[in-house]
Amino acid sequence: MELIITEKDNAARRIADILSGGTYDSSRENGVNVYEWGGKRCVGLSGHVVGVDFPDEYSDWRDVEPVELIDANVEKTATKENIVATLRILARKATRVTIATDYDREGELIGKEAYDIVRDVDEEVPIRRVRFSSITENEVQSAFDDPDDLDFDLAAAGEARQIIDLIWGAALTRFLSLSAGQLGNDFISVGRVQSPTLKLIVDREREIQAFDPETYWELFGDLTKDETTFEAQYFYRDEDDNEAERVWEEAVADEVYETLAERDSATVVDVNRRTRTDTPPEPFNTTQFIRAAGALGYSAKRAMSIAEDLYTAGYITYPRTDNTVYPDDLDPEELLDDFVGHPTLGDSAEDLLEADEIVPTEGDEETTDHPPIHPTGEIPTRGDVSDDEWEVFELVVRRFYATVADAAVWEHLKVVTEVDDYRLKSNGKRLVEPGYHDVYPYFSTSENYVPDVAEGEELALTDVELEEKETQPPRRYGQSRLIETMEDMGIGTKSTRHNTLEKLYDRGYIESDPPRPTKLAMAVVDAAENYADRVVSEEMTAQLEQDMDAIASGEATLDDVTDESREMLEEIFANLADSRDEIGDHLRKSLKDDKRLGPCPECGEDLLVRRSRHGSYFVGCDGYPDCENTLPLPSTGKPLILENECEEHGLNEVKMLAGRQTFVHGCPLCKAEDAGEGPVLGTCPDCGDEHDGELAVKTLESGSRLVGCTRYPDCEYSLPLPRRGDIEVTDERCDEHDLPELVVHSGDDPWELGCPICNYQEFQARESDSGSDLEALDGVGAKTVEKLADAGIESLDDLTEADPDAVAEDVDGVSADRVRTWQAKA
DNA sequence: GCAAGGTC
């Protein structure tokens, strides 16, 4: 029995399909899919199934000095126990093992992890390694015809990275967290990738803060030829003889303005016409995909999550890749053929197929990991995927179209006119050959019309304007720009860069989008720059890459590299020791600055945004417990403190971040003063006995209403009320809850809501019996639920037990792969 | 409860 091990389940299934000619059987062991045919079994891992960590005795942050972690043992432990267990069982029965993990450094390490697990149960069994860069018939067959050995040096290079990242990350993270007393969930993290990324954001913020705007002037006028009017802008030659439009002295600007304004014509002195070829874009790697999806409004995280779903369902290729060159076995014509006849994607494919020759564009990166992201040729039915999924799928399809389309051609026309010694220019552009823009409508193709004129012609000059402007600070990085910059700097990987950004949000280092650093982030970067410069610099990764290359080529060993790294960290800690309190004070101060709203009207200390034990946010006084002043915050979203201050109270305004429902709450004190607290209904069932809390009808700043406790935010008991209509409190009382019955007046028929507690209980009961739990799955709507029900699948439980292939046969428009994805999610 | 890297 030969055992084949791949990096992921999806690859295992496709390799089984290729090697067995489609005749494999699948079964599940410990929740792991095993594919079997003619004396072979194939199983997929889930990336790394073991991870590095310190022994247990190092796990209490307060008991262990962070510096001790530098020389602590680093152990490997199973992180995916079910997969490791399955692998051990399968390895015992194997007479030969083939490792077929991804063809890159991390894949070699993952292969080595599998190797160690197999060796642990069988010291003798031959273990070989196959390498292929795309899972296609040709590549896979020839890889298996010509197997190789595992590259232990390359795997060791990866292990060195794991050890160095763990030691530096853990030791410095613990040091900063302990110095500021931030333990538990709010620790202060540092790492080889996250910290240089954070420094990028912080450095840009420093530039913005230090920016001193300068005033300048620009002059515009309208020119007319044969009733066509177009814009012209004043320009001059600066000291380096470059064209410049900005005038830095007001007197000069006025002088030019006066001359232009009093003249009514300008003479054409130069006409320059040229054509420009606009080459089609390169195939998608992960970064460029994220950028293009970003332009459609998707966050990096969301774009990757949708791509992942489209990949698992079989519609697009693997979304994590560095490659921008299509492999030889991708036949563009064949792939275009798959789209012919499609109602919305078909026309473009047919147009492209009419070309004499199809030559795809290529980028600079030709790697062995995976092909560039492209459609597989399998097309989802519109109703089977969400609108977002379809939009992203179409983007991937059209990007593929663009890479095999013709270049576009633009015609640029530059007209220079003169008034006395002053010159004006007009730039026109026209798209003469739309080329790839016809199939890839995501780039702007706006034209700017400038008519044909000849040298010496006199054009009417009107509407001369002098505009005063200010230079602008540099702009904050957007998410996709950050990911591109990380790639340029060589930090992170195609699989992790978008997660790193999420991590910075989670740690409270950045807020909002485009991300803005918090005071805490500024302080962390400050501390790192002063004491551990290496960890915030891209140099650390660059050096590590060199060291890993040295290990991979046999010029250095894992121990050489990790020992040297440990020594560097020892030195850092030697310098840190004396400054612990100073660093801690700075961090603590910054943490408070991030929460500060302004002065407490009752005691003059600071009002801070705080979080209750239940997780909700409120405004509390720093003078607590001496001052017990509190103000409520809305229950939806996470508060973001804005820069603008309320004029009346001197408090910063607050915005509530809640995805699409994000809204500006404003000054919490104004809101509290305005908040309509309506009639009191009765005793609060949660805190009434203990603290005399009462329930009242409340109107929130968002306009929605609820029945809530008067002791909010100390008591968070609340009941929903309808959004519209006047609420009448009747004399009838509910026997069970001793609350008045309510009537809502909206339109002609009053709605007898009754006791708010009874009403809420009934509402909850209805919610829980209605509908099918299948609807919780991605892309499953009422229609699919109905189709599944026809096939005898009425619940998630039914679905988990069903055979994917049978379901695919019975249910129209549902593939076996999709069923497997659902099963995995269920 | 620390990192970064895989993958779901």
Side-chain angles (χ1 to χ4, degrees), chain A residues 6-12 31-33 44-54 56 58-64 66 68-70 72 74 76 79-80 82-83 101-102 104-114 155 157-178 182-197 304-305 307-313 318-320 369-370 486 491-500 502-504 506-507 535 540-541 544-545 548 565 569 777-778 817 820-826:
Chain A
T6 68
E7 189 154 323
K8 43 191 169 277
D9 174 57
N10 217 304
V32 184
N33 289 327
L45 306 174
S46 182
H48 290 288
V49 292
V50 298
V52 289
D53 210 345
F54 300 111
D56 273 347
Y58 290 90
S59 58
D60 191 325
W61 293 30
R62 274 162 300 199
D63 277 0
V64 180
E68 291 177 51
L69 295 176
I70 301 176
V74 174
K76 286 200 178 191
T79 48
K80 301 272 164 55
N82 60 327
I83 298 178
T101 45
D102 289 356
D104 54 19
R105 184 174 58 220
E106 218 56 28
E108 210 66 23
L109 176 53
I110 291 167
K112 163 73 161 35
E113 291 163 6
E159 282 184 289
R161 179 200 59 69
Q162 287 186 317
I163 293 167
I164 290 170
D165 281 342
L166 174 67
I167 294 177
W168 280 69
L172 289 169
T173 295
R174 286 195 192 182
F175 180 87
L176 289 189
S177 303
L178 285 164
Q182 290 291 113
L183 299 174
N185 287 329
D186 300 320
F187 59 86
I188 297 172
S189 67
V190 178
R192 174 179 58 85
V193 174
Q194 61 171 275
S195 300
T197 307
M304 285 310 288
S305 149
E308 179 76 44
D309 286 344
L310 291 170
Y311 155 71
T312 333
Y318 194 63
R320 293 185 274 267
D369 55 355
H370 296 90
M486 290 171 77
I491 57 175
T493 74
K494 67 225 177 211
S495 317
T496 58
R497 288 184 196 113
H498 62 281
N499 295 337
T500 302
E502 286 306 308
K503 184 173 280 177
L504 297 179
D506 288 348
R507 298 282 192 268
V535 83
M540 181 165 174
T541 298
L544 183 60
E545 286 290 339
M548 284 195 287
S565 184
L569 189 55
L777 294 167
D778 270 354
D817 278 352
R820 286 188 196 97
T821 316
W822 289 339
Q823 287 178 334
K825 291 204 170 145

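To find a chain, count down the sequence lines: A is the first, B the second, and so on, and within it residues start at 1. Values reported hereafter were calculated over all heavy atoms of this structure, with side chains retained and with hydrogens, waters and symmetry mates removed.
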> Answer with base, sugar-phosphate or nothing: what part of the nucleic acid does Ile167(A) contact at a heavy-atom distance below 4.0 Å?
nothing
> How many angstroms lie between atom CG of Leu178(A) and atom CZ of Arg174(A), to the nearest 0.5 angstrom?
8.0 Å
> What contact category does Ser59(A) fall into here, base, sugar-phosphate, or nothing, at under 4.0 angstrom with non-hydrogen atoms?
base
> For Ser177(A) and Ile188(A), indicate whether the former's side chain and the latter's backbone hold a donor-acceptor pair under 3.5 Å.
yes
> Can you work out whether Trp61(A) or Thr493(A) has the more 5'-proximal nearest nucleotide on DNA chain B?
Trp61(A)
> By the 4.0 Å heavy-atom rule, please label Gln162(A) as base, sugar-phosphate, or nothing.
base
> Which comes earlier along DNA chain B counting from the 5' end, the contact point of Val190(A) or that of Glu308(A), where each point is its nearest nucleotide?
Val190(A)
> What's Arg174(A) touching, base or sugar-phosphate or nothing? Going by heavy atoms closer than 4.0 Å.
base
> What is the first contacted nucleotide of DNA chain B and what is the last, in 5' to 3' order, if contact means an atom lying under 4.0 angstrom from a heavy atom of chain A?
dG1(B) to dC8(B)
> Using salt bridge (Lys or Arg N to Asp or Glu O under 4.0 Å), reason through Asp104(A) and Lys494(A) one step at a time and then give a plain yes or no.
CA-CA 12 Å; Asp104(A) 54 19; Lys494(A) 67 225 177 211; 3.3 Å; yes
> Quick check for you: to the nearest 0.5 Å, what is the distance between Ser189(A) atom OG and Leu504(A) atom CG?
7.5 Å
> Using a 3.5 Å distance criterion without hydrogens, assess whether the side chain of Thr500(A) forms a donor-acceptor pair with backbone atoms of Thr496(A).
yes
> What nucleic acid atoms does Asp369(A) come within less than 4.0 Å of, heavy atoms only: base, sugar-phosphate, or nothing?
nothing
> Within the supplied structure, the quantity of interest is the number of heavy atoms (other residues, nucleotides, ligands) at a distance under 6.0 Å from Asp60(A) CG; does it exceed 12?
yes
> How is Asp53(A) classified with respect to the nucleic acid when contacts are heavy atoms under 4.0 Å: base, sugar-phosphate, or nothing?
base
> Have a look at Gly158(A) and say if it touches a base, only the backbone sugar-phosphate, or nothing, with a 4.0 Å heavy-atom cut-off.
nothing
> Base, sugar-phosphate, or nothing for Arg507(A), non-hydrogen atoms under 4.0 angstrom?
sugar-phosphate
